[in-house]
Amino acid sequence: MRYSKINNILFKKNRIKLAKKLEKKSVAVINSNDEMPKNGDIKFKFCQNSDIFYLTGIEQEKTVLLLYYHNKSKKFKEILFIIKSKKELEIWGGHKLTEDEAREISGIKEIRFLNQFESILKETVISNENIYLNNNEFFKFSTPVASRDIRFIQYMKNLFPLHCYKRLAPLMTKLRLQKEPEEIELIKKSCEITISAFHRVLKFVKPDIKEYEVEAEITHEFISSGANGHAYDPIIGSGKNNCILHYISNDKECKTGDLLLMDFGAEYAGYAADATRTIPVNGKFTDRQKEVYQSVLRVMKKAIKMIKPGTTINKINKKVNKLIEKELITIGLTTSEEIENLGSEDVVMKYFMHGTSHFIGLNVHDTGTKDTKLKPGMVLSCEPGIYIEDENFGIRLENDILVTKNGQINLLDKLPIEIEDIEKLMSM
Ligand SMILES: [Mn+2]
């Protein structure tokens, strides 16, 4: 692994929290993600399932975690199943975890090889009543491809058609939303690497470079800092590409006078950062760009303060849209009259077409919904924007905010955002 070893106390705590949420006489099985085929004999780089990583820290493919209720001790027990490595396999695929290594990473005492999985599964399931299985229930997710989880559900239902099946996803969502201090430290590290990358970019950007050259600078900083890489495909859009929300082709030339919008974040030890800054290609904002930038920044400063215990993303979105509406009038993009005629929602939507916040954690868009009540330990983005296609530019600014008992902490506090700071750093 590229990151400093995570103390397995974190994974033990996470498993205990999950076991407390399971009904007695239950079994829970958590699978790894599939290794996804690319072309020919090549697969995509393996990406571990976030839930099994959260519970075990194991990044190796095909790993399975079994939690089961033990009738005699009246307690939940845990077994981790891993690949049994062979020398011939290691020559091509590199080292696979030994039992001791898997034990050390996860803190799970009982490590078995996968060839024993089915017999142990049958034994534990038959002496229990409920089976908890995982599935990706992220509200925006859909795919025609049957995941490992979906296939495993079918496999289990064939083997045990008369057991009572339960959803693991709502429990995992709840647990993953509120981060342990160790997790916050890992997110802070992702943020720190992201901040270094931005400083590198500020020194690098000048007219006539290609957007992908900026991407390369960021990638260099991420990888050389021990990050796994980008937490998501970076958006590096100049000029009118500022206004394409998920622009990832990053292949145009950055021209003088244009703005460069960069939405990027490192992934360190599985945890994501998610940052956006918009900077002038030639190092100086025009007056109009400054005017709109200050509008977005004013909204952001107020929006950050809204992120605190008890509220929801839906409530924050409503309030932020009101602030954007006011700013749109200030910068001459609309009038109170037009808002009255067309309705606030339509006018705001024209210039700010996405929400203000999403949860962040093991995924850049992490578990939780827009109605999830915020609690201490949750981490959210705060990313207002104003996109003016007619003027060939848009501005988005994004920080990552940790909800605390009394309010919030901006984890990207050290990521330059004030116009003077950005212009100064670009001139150095
Ligand atoms: Mn974001």
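Indexing begins at 1, ligand by ligand and atom by atom, following the structure's order. All values below come from the heavy atoms of this structure, side chains included, with hydrogens, waters and symmetry mates left out.
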Subject >> Charged tip of K157 within 45° of Y155 ring normal and under 6.0 Å >> reply: no

Original post:
So, is the end of the K189 side chain (NZ or CZ) under 6.0 Å from the ring centre of Y268 and within 45° of the ring's axis?
Top reply: yes

Original post:
To the nearest 10 degrees, how large is the angle at the Mn ion (ligand 1) between D274 OD2 and H358 NE2?
Top reply: 80°

Original post:
For the Mn ion (ligand 1), which N, O or S atom of E383 is at the shortest distance?
Top reply: OE2

**OP:** Check whether NZ of the Lys or CZ of the Arg K290 lies under 6.0 Å from the centre of the six-membered ring of F285 and within 45 degrees of that ring's axis.
**Re:** no

Original post:
Which atom, among the N/O/S set of E398, is closest to the Mn ion (ligand 1)?
Top reply: OE2

**OP:** Would you mind telling me which of V29, L168, V27 makes a side-chain contact (heavy atoms from CB on, under 4.5 Å) with L133?
**Re:** V29

